[in-house]
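Presented below is the structure to which this report refers.
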Amino acid sequence: MNISHTRRRAAAAVAALALPLSLVAVAPQAWAANAGEPFGPGCAALPKQGPGSPSVMAGQPVATAAAGNPALSTLVSAVKQAGLVDTLNNAKDITLFAPTNEAFAKIPKADLDKVLADEAALTKILTYHVVGSTVDKPDLADGSFETLEGGTLTTSGTGDSYKVNGTAAIVCGDVATSNATVHVVDTVLMPK
């Protein structure tokens with residue numbers, strides 16, 4: 001009887017340990033489920049599977065997830081150059097307004113090269129694209145959010161059409177990563 005009782009206690013202890021471990025394993029998927037489905041015309045360009053796909057990005061921290069998306073390669077290079085990869089990957093519940101390669105291409109090359117060579121200026125611009133809380137689609141209709149840079153971003157719109165600071169269009173929003181919500185934008189946002 002003692003052996004049977006001991007086995008039941010051991011089984012209960014294993015079950016009690018297994019539950020938190022299983023919750024840790026599904027945490028990225030839970031984050032993805034809470035973030036909503038990606039929306040916007042640019043979402044069609046996301047890979048359906050593999051690196052850069054919503055299912056893979058949902059299990060990765062934001063800087064790593066962005067690195068898998070070819071449309072964000074300029075942003076990823078800038079984040080690496082500014083030394084912000086670990087900062088972004090280790091942050092919790094943030095929102096990244098991620099400029100596409102085409103957004104960076106709108107900046108005259110001489111100006112872009114100058115910013116890329118100035119780590120302080122680059123860090124200021126990149127941290128202006130990050131909000132220290134979760135901003136999902138329902139928050140975008142008429143929002144005002146403090147950025148990690150210290151400035152403020154505003155959002156407006158309806159349906160699947162939203163603007164940031166009145167000029168940058170969200171081309172693909174509510175893309176979930178394990179620690180962030182990503183809204184891909186068509187213009188580099190400049191702090192005031």
Side-chain angles (χ1 to χ4, degrees), residues 28 31-32 35-89 91 94-117 121-131 134-137 139-140 145 147-149 153 155 157 159-191:
W31 175 269
E37 291 296 314
F39 68 89
C43 294
L46 291 175
K48 302 296 181 225
Q49 57 188 13
S53 68
S55 62
V56 170
M57 290 178 73
Q60 299 174 320
V62 66
T64 303
N69 187 325
L72 300 177
S73 62
T74 305
L75 172 64
V76 170
S77 294
V79 166
K80 286 178 182 174
Q81 193 157 336
L84 294 173
V85 172
D86 289 341
T87 300
L88 293 176
N89 277 348
I94 61 173
T95 301
L96 171 63
F97 291 86
T100 61
N101 296 341
E102 289 78 17
F104 281 98
K106 293 178 182 179
I107 300 171
K109 183 171 176 11
D111 293 345
L112 182 58
D113 289 345
K114 183 177 177 183
V115 168
L116 291 173
L122 183 59
T123 298
K124 182 175 177 66
I125 291 169
L126 293 174
T127 56
Y128 183 70
H129 289 77
V130 182
V131 172
T134 302
V135 179
D136 292 328
K137 186 178 183 181
D139 305 316
L140 296 172
F145 310 98
T147 70
L148 295 187
E149 177 269 337
L153 290 178
T155 59
D160 284 347
S161 179
Y162 296 92
K163 296 264 188 195
V164 182
N165 291 348
T167 57
I170 295 177
V171 296
C172 184
D174 271 4
V175 179
T177 72
S178 65
N179 69 327
T181 298
V182 178
H183 300 295
V184 180
V185 294
D186 69 354
T187 305
V188 175
L189 306 168
M190 293 297 187

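No experiment lies behind these values; they were computed from the predicted model shown.
- In this structure, the side chains of Ile170 and Val164 come closer than 4.5 Å at one or more pairs of heavy atoms.
- Remark: aromatic rings of His129 and Phe97 are distant, center separation not under 6.0 Å.
- Taking 4.5 Å as the limit, some side-chain heavy atom of Asp186 sits within range of a side-chain heavy atom of Lys106.
- Applying the ring-ring contact (aromatic ring centres under 6.0 Å, His included) test to pairs two or more places apart or on separate chains, those with a residue in residues 37-63 are Phe39-Tyr162.
- Counting only distance, with no hydrogens or angles, the side chain of Lys137 and the backbone of Gly159 share a donor-acceptor pair below 3.5 Å.
- Taking all atoms of both residues into account, the shortest heavy-atom contact from Ala180 to Val62 is CB-CB, 3.7 Å.
- Sorted by first and then second residue, the pairs that involve residues 41-85 and meet disulfide (SG to SG under 2.5 Å), not counting sequence neighbours, are Cys43-Cys172.
- Of all heavy-atom pairs between Leu189 and Ile125, the closest is O-CG2, 3.9 Å.
- A donor-acceptor contact shorter than 3.5 Å links the side chain of Asn179 to the backbone of Asn89.
- Exactly one residue among Leu148, Thr147, Val188 makes a side-chain contact (heavy atoms from CB on, under 4.5 Å) with Tyr128. That residue is Thr147.
- Within the 4.5 Å cutoff, the side chain of Thr134 has heavy atoms near those of the Asp136 side chain.
- For the residue pair Pro54 and Pro47, the shortest heavy atom distance occurs at CD-O, 3.5 Å.
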